[in-house]
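Remarks on the structure that follows.
Just the heavy atoms: all of them, side chains too, but no hydrogens, waters or symmetry mates, feed the values below. This one's a predicted model, so the numbers in the text were calculated from it and none came from an experiment. Just so you know, residue 1 is the first one in the sequence shown, and it goes up from there.
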Amino acid sequence: MRILLIAGAFNSLTQRVYAELGDSGHHVSVELVTRETPLPEVVHRHAPDLIVAPMLKTAVPREVWSAYTCLIVHPGPVGDRGPSSVDWAVHLGADRWGVTVLQANDEMDAGDVWAAASCPVPDVGKSDLYRNEIADAAIEAVLSAVERYASGTHRPQPQNSLPAAAKPGRPRPLFRQDRRRIDWHLDPTDTVVRTLRAADSQPGVRDELLGDTWYLHGGHPEDTLTGRPGELLATRCGAICRATADGAVWIPELRPPRAPGQPGTVKLPATLALGDRLPPVPEVPAPLAPGDGTRTWSDIRYREDGPAGFLEFSFPGGAMSTDHCRRLLAAYRHACARPTSVLVLGGRRDFFSNGIHLNVIEAATDPAEESWANINAMDDLVHAVLTTTDRLMVAALGGNAAAGGAMLALAADEVWCRSAVVLNPHYRLMGLYGSEYWTYTLPGRAGPEVAAQLTERALPITAAAGQRLGLVDRLIDCAPQEFAAQTARLAVRLASSPATQARIATKKADRERDEAERPLAAYREHELSRMHRIFYDPDQPYHALRRAFVRKEPAAGTPSHLSAGTAGASSGGAG
């Protein structure tokens, strides 16, 4: 079918719906919608068989939904209504939540139900939940609804005809800042963490800190540090630790409020955002390998299970600053000094990596210099992975990867992905040529022709499409919470295999052969020469694109590579 996606942004869920429908053989195109979009004209131009709205904040006009079947993806169980469904799920501490696919009509979220799916709600932040459990349920419901529509025989169920037991949700209001207020003197740690996590990516929790107003982003419990409620106790890896009524929490990021008539503000690592305002509190490092039961926050951890090592990392939004890269490289070198035959690099769930940290770059005194430092730090990390020849390297992607983060994964000997992962192995949309040795690894895995098409088309692909194209070695079909355990079992089995030592020897010989044919330094020099010209030329599109991205400037329109649509968009048309 010809399916048109209408969305407020090409966000993680829209990308996944796009890629999954393309894998199913549909011709999929996208239109980004604002209140000013002449949607009836846009839809008429596409003449779709079906419209799907994975993430839409504006109402669909009557001229559209009366002429075309338009399926709205609502991130709440049947009967749930309102714009803050996932916020409420985290705030309420719900055990289960759901996604409903309903038909657009005159009333928001009140249309007939085409499909629904439920999901667990683990103890994670709203954005993590949205990208994982909610997205899994959304894909299940969307694919079911599309199949039912295509059959021509299914009739959706009016919500007012469903019995109460079939409508576990209910209408809920917009989750405003007055509901998110933290009372640092009265609220216990668990309440503060839940409040922070219900707003982690957007909009953050508006609060007073050191005499100024800030939005707090993200929250993790601390298990030992305590102090006077509300005071800052320590810093760690860019985060701040703040005392609660009965303990303390770690807050990784802060954002100042937007001034009237001014551009959007930038979310930054908390210590960087505070700058000179930060009082003299101690930097309290977390152990790289904390003991069992320790819940203190750390963005990098190392553990072992027999002959397999696991270097886990998790950075907000998947962005890796110069500091993130350097600290991860130091931890990587520690892991490589351990007596293991397999080393797994990745997080337990959510983002693997999205490459360089555009927010930190935008906020730098000299963005060109920070861009240059950041890309070199990424390259140093990728080079270390590529030149590790005494063990097998596995990149474990429990969540999405893009740009330099996708190329970091390709530096490993094997790439294992949760089957729900979306990959964006390209740089073009940010006006970049790219580095991270992609001109060596991407053609080496997918071939020069496919590599060129992936980087030029700049479209998301599913992990299954990545496997067909040679970018992914193993798909792990599991729930987000099960990925780490399944990866661990597979890694221990690989490390214990009699064939592993022979593979390591072959890997070392292959690396020596490749180095003799063309040194890695030559790939790096070629890539960085292009990147240097981009970074240091203020007229290059990268600077305006970066600024628009980090300050969340509304898109001027739908990019041509999305609105044109592709048949089987992620099924391997590049192959």
Side-chain angles (χ1 to χ4, degrees), residues 83-84 86-88 90-93 124-128 173-284 296-297 299 316-317 319 321 359-360 362-363 550-552:
S84 305
V86 187
D87 306 59
W88 280 105
V90 177
H91 172 76
L92 295 169
V124 298
K126 174 182 73 169
S127 57
D128 183 340
L174 175 68
F175 209 108
R176 299 184 183 278
Q177 283 294 335
D178 57 359
R179 295 180 181 272
R180 303 185 194 274
R181 191 172 296 121
I182 295 173
D183 187 329
W184 293 96
H185 294 276
L186 296 178
D187 290 345
T189 297
D190 288 349
T191 298
V192 174
V193 168
R194 191 165 62 249
T195 301
L196 291 167
R197 287 180 172 175
D200 61 350
S201 179
Q202 286 294 330
V205 174
R206 189 179 177 97
D207 196 30
E208 299 300 315
L209 177 64
L210 302 176
D212 289 312
T213 300
W214 296 92
Y215 287 94
L216 317 181
H217 293 272
H220 305 274
E222 163 59 25
D223 53 1
T224 59
L225 297 176
T226 59
R228 188 171 67 251
E231 75 173 348
L232 295 187
L233 306 177
T235 61
R236 174 181 296 159
C237 304
I240 55 174
C241 186
R242 194 171 185 186
T244 65
D246 65 349
V249 296
W250 290 97
I251 302 169
E253 295 183 311
L254 300 175
R255 178 175 58 88
R258 178 177 184 168
Q262 296 299 308
T265 55
V266 179
K267 182 169 52 179
L268 292 171
T271 57
L272 182 60
L274 289 172
D276 294 340
R277 302 178 185 87
L278 186 66
V281 295
E283 171 78 7
V284 180
T296 189
W297 170 81
D299 53 8
S321 68
N359 288 35
V360 170
E362 177 68 13
V550 304
R551 298 187 184 278
K552 304 194 181 303

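- The NE2 atom of H220 lies 11.0 Å from the CZ atom of R236; values are rounded to the nearest 0.5 Å.
- Contact between L233 and P282 at its shortest, heavy atoms only, is O-CD, 3.4 Å.
- For the pair K267/S201, a side-chain contact is recorded, criterion being any heavy-atom separation below 4.5 Å from C-beta on.
- Distance check, rounded to the nearest 0.5 Å: CZ of R176 to CZ of R181 gives 13.0 Å.
- Partners of P221 under the side chain to side chain contact (heavy atoms under 4.5 Å, CB included) rule, at least two apart in sequence or in another chain, are T189, V193, R197, R295.
- Taking each heavy atom of P229 and A245 in turn, the nearest pair found is CG-CA, 4.1 Å.
- You'll find the side chain of Q177 reaches within 4.5 Å of the side chain of Y215, heavy atoms only.
- With hydrogens and angles ignored, the 3.5 Å screen pairs no side-chain donor or acceptor of R255 with any backbone N or O of H217.
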(message) I'd like to know whether T296 forms a side-chain contact (heavy atoms from CB on, under 4.5 Å) with T224, so could you lay out the CA-CA distance, the side-chain angles of the two residues, the decisive distance to 0.1 Å, and finally the verdict.
(response) CA-CA 8 Å; T296 189; T224 59; 5.8 Å; no

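- Between T271 and E283 the shortest side-chain heavy-atom distance does not fall below 4.5 Å.
- Test D207, L225, I182 against R242 for side chain to side chain contact (heavy atoms under 4.5 Å, CB included) and you get one pass: D207.
- Checked for salt-bridge contact, D87 and R179 miss the test: no charged N lies under 4.0 Å from a carboxylate O.
- Residues V124 and D200 form no side-chain contact, since every pair of their non-hydrogen atoms from C-beta on lies 4.5 Å or further apart.
- Contact between V360 and P269 at its shortest, heavy atoms only, is CG2-CD, 3.8 Å.
- For E208, the salt bridge (charged side-chain N to carboxylate O under 4.0 Å, His left out) criterion is met by no residue, not counting sequence neighbours.
- Shown here are the ring-ring contact (aromatic ring centres under 6.0 Å, His included) partners of F175, two or more places apart in sequence or in another chain: W88, H91.
- Rounded to the nearest 0.5 angstrom, L196 CG and T191 OG1 are separated by 11.0 Å.
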Using atom types as modelled, flag every donor-acceptor pair under 3.5 Å from a side chain in residues 257-266 to any protein atom, sequence neighbours excluded.
from, atom 1, to, atom 2, distance (Å)
R258, NE, Q262, O, 2.7
R258, NH2, Q262, O, 3.2
T265, OG1, P256, O, 2.6

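- Atom CD1 of I251 and atom CG of L209 lie 7.0 Å apart (nearest 0.5 Å).
- Between C241 and V284 there is no side-chain heavy-atom pair separated by less than 4.5 Å.
- Listed by first then second residue, pairs satisfying salt bridge (charged side-chain N to carboxylate O under 4.0 Å, His left out) with a partner in residues 209-220 read D212-R277, not counting sequence neighbours.
- Contact of the N359 side chain with the E253 side chain is not registered, since no non-hydrogen atoms from C-beta on lie closer than 4.5 Å.
- Residues satisfying the ring-ring contact (aromatic ring centres under 6.0 Å, His included) criterion with W184, sequence neighbours excluded, are absent altogether.
- The two residues P252 and A239 come nearest to each other via the heavy atoms CA-CB, 3.7 Å.
- Within the 4.5 Å cutoff, the side chain of D187 has no heavy atoms near those of the T195 side chain.
- Contact annotation: the side chain of I240 approaches that of L278 to within less than 4.5 Å [non-hydrogen atoms, C-beta and beyond].
- The CZ atom of R180 lies 11.5 Å from the CG atom of L216; values are rounded to the nearest 0.5 Å.
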